[in-house]
Amino acid sequence: MAEERSLNFLEEIVEEDIRRGKHDGRVLTRFPPEPNGYLHIGHAKSICLNFGLAIKYGGKTNLRFDDTNPVTESVEYVDSIKKDIQWLGFTWDKELYTSDYFEILYEYATTLIKKELAYVDDSTAEEIAAAKGTPTEPGRPTPFRSRSVAENLRLFAEMKDGKYPDGSKVLRAKIDLANPNMHLRDPLLYRIKHAHHHRTGDVWCIYPMYDFAHGQSDSIEKITHSICTLEFVPHRALYDWLIENIGIFPSKQYEFARLNMTYTVMSKRRLLELVNNKHVDGWDDPRMPTISALRRRGYTPASIRNFAERVGIAKRENVIDVGLLEFCVREDLNKTAWRRMAVLDPIKLVITNYPEDKTEWLSSENNPEATDGEGSREIPFSRELWIERDDFMEDAPKKFFRLAPGLSVRLKSSYIVTCTDFLKDDSGIVTEVHCNYIPGTKSGEDNSGMHVKGTIHWVSVPHAETAEVRLYDRLFNVENPAAADGDFKDTLNPESLTILDKVYIEPDLKNAEPGKGYQFMRIGYFTLDTHSAPEKLIFNRTVGLRDTWAKEAKKA
RNA sequence: UGCCCGAUAGUAUAAUGGUAGUACGACAGAUUUUGGUUCUGUUUGUCUAGGUUCGAAUCCUGGUCGGGCAACCA
């Protein structure tokens, strides 16, 4: 089954490193989320990349929580992140936390101070920002840049001991205030935050900045390939500078372009805003691009992994058509989902020549795609059926292969019927369709030689069960909500959720299992919602089936 | 008007100096007891101007366009 595929640029780098015997051919990656939000589909791309690389080249991947900012982080997020990675099908080697390294990072900082490569600065945030200059003008030193090693050591220790309030002092690297790379203009290494940390509690009141934590953590773990997104490219010079001047294991950073998707926002800040402002029902609202939402919506791990594979890895900014994600889940579900019948928008079909009290139990296959026989279930058939309102037209165009006066269709797994009549109410709405069935045409026993163009789904009226069905549409009305003028929330799609509270379903759907995908024939893929209960079933639509008729009808 | 990244069909992604290919989409057809699936075919592309070379998407130079960088965020 090995599929020929050309290498992406990171695989080329790894293969070249292995060829040259770098790190004895060892490959160790890491996935480093900050526990300040739920993982989204963009993270899924990164997870598949990092874990995938390690799997492909016989290496391992650490899960490391980048928890250096206690103000925004929490264990709720830690737990959700672990669950999502496991659900996607990946197993990390070690579960680690940057906060595990606070002690050693502190030592690294004192090492830099002793080498006269770091100093304590008492300037305010504004003063430091002003003194950094601009991209076109060099920065200038603050009055504290020339402090002695001894004084810096003492002040830094006192910072750690809690002698100073938040914001009163920082530790900065002493590099080059005129560097064209702004990240090298004496970047901040530590700031004072008297905040409770979800793991270290109140032990620390100084916390390292990202730049003084990430590369060092990589180095401590002897990560060979530290993969991050493009916005960190300018940080790489600092990443290397710190590792070199502290004198530790030379991990290397590589950058790829993050995933963007049409009709979606992908920043944790914006997603959090949607949650906090109740535009959605939480991080796992099925309209969200989070992994937990996709899971609740009925996406499968395999479909997300395939998606990550198909979008590719490169350094070019990209916007992926959300249709590709939908394609991937249809592709997977088509092979695995059991077929069932449900009528979302019902109209009654009466088979006038069928006995009133008769019920036939008809057999219908669970999955026509299955080669190993996934079996079948029995469906009750009777004189009165629910069919889809869309499947009847009073005046049908030529290419309409469903019911209209005089037209015949196959009832799925059952008989061919011919429409004879219909009833309307006072306002002109069709209320009932009448037809005759043709006895010799029962599925499996049909030697009538009759051929009809269309097959429609149905549910027997006296046997029908009911369920709530939730239909989801894109959350935003524009392709790139983040780029919209003004507030991105103004581009929210008010019709992103439609709730149908009484949908008729075939009896076997009472046995639907959580986490399993079902195809409601001719409609789409559905799965039980997390809030579903036996006495009140709730199905989420994962994605609709491709509908070429809808396209055709639109043209006309 | 500093530094860094990038630019190949509508969207992504390959071709690593030698036939511009693949996927999704779109369009057309075949098959079909799901207007689903499957299959076949068609359509659309190397940002630009020079240069090197027998030969350039690929190497060089200039330009254009897009993105990033001046958080006590990551």
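So that the names make sense, note that chain A is the first sequence line, chain B the second, and so on, each numbered from 1.
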### Query
Quick one: do the A:Gln216 and A:Ser219 side chains pair a donor with an acceptor below 3.5 Å?
no
### Query
Can you tell me how far C1' in B:A28 sits from the matching atom in B:G35, rounded to whole Å?
16 Å
### Query
How would you label the contact of A:Arg185 with the nucleic acid (heavy atoms, under 4.0 Å): base, sugar-phosphate, or nothing?
nothing
### Query
Which whole number of Å gives the distance between the P atom of B:U11 and that of B:C54?
37 Å
### Task
Determine: side-chain N/O of A:Lys453 to OP1/OP2 of B:U33, distance under 4.0 Å, yes or no.
no
#### Entry: Lys/Arg N to Asp/Glu carboxylate O, A:Arg258 vs A:Glu317, below 4.0 Å
no
### Query
When you measure from the side chain of A:Phe327, which nucleotide among B:G2, B:G36, B:C24 comes out closest?
B:C24
Provide a list of protein-nucleic acid N or O atom pairs under 3.5 angstrom, restricted to nucleotides 72-74 of chain B.
{"from": "B:C72", "atom 1": "N3", "to": "A:Gly167", "atom 2": "O", "distance (Å)": "3.4"}
{"from": "B:C72", "atom 1": "N4", "to": "A:Ser123", "atom 2": "O", "distance (Å)": "3.2"}
{"from": "B:C72", "atom 1": "N4", "to": "A:Ala125", "atom 2": "N", "distance (Å)": "3.4"}
{"from": "B:C72", "atom 1": "N4", "to": "A:Gly167", "atom 2": "O", "distance (Å)": "2.9"}
{"from": "B:C73", "atom 1": "OP2", "to": "A:Arg191", "atom 2": "NE", "distance (Å)": "3.0"}
{"from": "B:C73", "atom 1": "OP2", "to": "A:Arg191", "atom 2": "NH2", "distance (Å)": "2.8"}
{"from": "B:C73", "atom 1": "OP2", "to": "A:Lys193", "atom 2": "NZ", "distance (Å)": "3.1"}
{"from": "B:C73", "atom 1": "O3'", "to": "A:Arg191", "atom 2": "NH2", "distance (Å)": "3.1"}
{"from": "B:C73", "atom 1": "O2'", "to": "A:Asn69", "atom 2": "ND2", "distance (Å)": "3.2"}
{"from": "B:A74", "atom 1": "OP1", "to": "A:Thr68", "atom 2": "OG1", "distance (Å)": "2.7"}
{"from": "B:A74", "atom 1": "OP1", "to": "A:Arg191", "atom 2": "NH1", "distance (Å)": "3.4"}
{"from": "B:A74", "atom 1": "OP1", "to": "A:Arg191", "atom 2": "NH2", "distance (Å)": "2.8"}
{"from": "B:A74", "atom 1": "OP2", "to": "A:Tyr210", "atom 2": "N", "distance (Å)": "2.9"}
{"from": "B:A74", "atom 1": "O4'", "to": "A:Glu34", "atom 2": "OE1", "distance (Å)": "3.4"}
{"from": "B:A74", "atom 1": "O3'", "to": "A:Asp66", "atom 2": "OD2", "distance (Å)": "3.0"}
{"from": "B:A74", "atom 1": "N6", "to": "A:His235", "atom 2": "NE2", "distance (Å)": "3.3"}

### Query
Parallel, tilted or perpendicular: which describes the rings of A:Phe539 and A:Phe520, with under 30° parallel and over 60° perpendicular?
perpendicular
### Message
At less than 4.0 Å, is any side-chain N or O atom of A:Arg330 found next to OP1 or OP2 of B:U37? Yes or no.
### Response
no
#### Entry: Side-chain H-bond candidate by donor/acceptor type, A:Asn366 with A:Arg339, under 3.5 Å
no
### Query
So A:Tyr207 and A:His197, would you call those rings parallel, tilted or perpendicular, with 30° and 60° as cut-offs?
parallel
Please produce a list of atom pairs where a protein N or O lies less than 3.5 Å from an N or O of nucleotides 57-60 of chain B.
none

### Query
Quick one: stems for RNA chain B, with Watson-Crick or G-U pairs under 3.5 Å, at least three in a row?
B:2-7 with B:64-69, B:10-13 with B:21-24, B:26-30 with B:38-42, B:47-51 with B:59-63
### Query
If you look at every strand shown and take non-hydrogen atoms under 4.0 Å, does A:Arg546 touch a base, only sugar-phosphate, or nothing?
sugar-phosphate
### Spacing of the C1' atoms in B:U22 and B:A15 (rounded, Å)
11 Å
### Message
Work out how far the P atom of B:G45 is from that of B:A20, and round it to whole angstrom.
### Response
14 Å
